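Note that the coordinates shown come from a computational prediction; the quantities given were computed from them, not determined experimentally. Hydrogens, waters and symmetry mates are skipped; everything else that's a heavy atom, side chains included, is used.
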Amino acid sequence: MNQQAQIPDPETRARSVARWREVNQQIDLLTLQIDELIAIVEAGLREQRLARLKGKGKDQAAEIINQ
C-alpha cells in the first residue's frame, strides 16, 4: 500500500540539481528587478511629495502676503 520514495540515479539527481540552481538564479534576478522597480517608485513618490510640499509653501506664503 505505501510506496517508499526511491532515490533517483546520480544522473537524474545531477539534472535536477542543475535545474533547481537555474530556477534559483532566475528567482534571484527577478527579485533584483522587483527591488529596482520598488526603488524607482519610492523615488518618484518622494519627488512628488517634495514638489507638493514646496507648492503648498508657495501658496501659504502668497496667502500671508495677500492678507
Side-chain angles (χ1 to χ4, degrees):
M1 245 209 222
N2 287 340
Q3 287 187 349
Q4 218 172 10
Q6 294 180 2
I7 296 174
D9 62 279
E11 185 180 323
T12 303
R13 284 189 309 223
R15 282 194 316 264
S16 228
V17 167
R19 273 192 309 243
W20 279 111
R21 285 185 177 144
E22 183 180 337
V23 167
N24 193 26
Q25 185 179 21
Q26 291 173 353
I27 290 171
D28 286 344
L29 289 172
L30 181 60
T31 301
L32 286 172
Q33 291 174 336
I34 291 171
D35 286 345
E36 288 178 14
L37 180 61
I38 290 169
I40 290 168
V41 169
E42 286 177 343
L45 290 172
R46 280 192 304 273
E47 289 175 14
Q48 287 178 1
R49 183 171 184 228
L50 181 60
R52 190 174 62 242
L53 290 173
K54 284 182 178 179
K56 282 184 179 180
K58 289 179 184 177
D59 292 342
Q60 289 173 350
E63 286 179 21
I64 293 170
I65 292 171
N66 291 329
Q67 286 181 355

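Taking CD1 of I34 as the reference point, atom CD1 of I27 lies at 10.5 Å (rounded to 0.5 Å). Interatomic distance, I40 CD1 to D35 CG, rounded to the nearest 0.5 Å: 11.0 Å.
No more than 12 heavy atoms of other residues, nucleotides or ligands shown are found within 6.0 angstrom of CD1 on I7.
A 4.5 Å side-chain heavy-atom check between L53 and R49 finds at least one atom pair inside the cut-off.
Linking ILVMFWY side-chain heavy atoms closer than 4.5 Å, directly or via other members, places L30 and I38 in a single hydrophobic cluster.
Between the side chains of D28 and T31, no donor-acceptor pair of N or O atoms lies under 3.5 Å.
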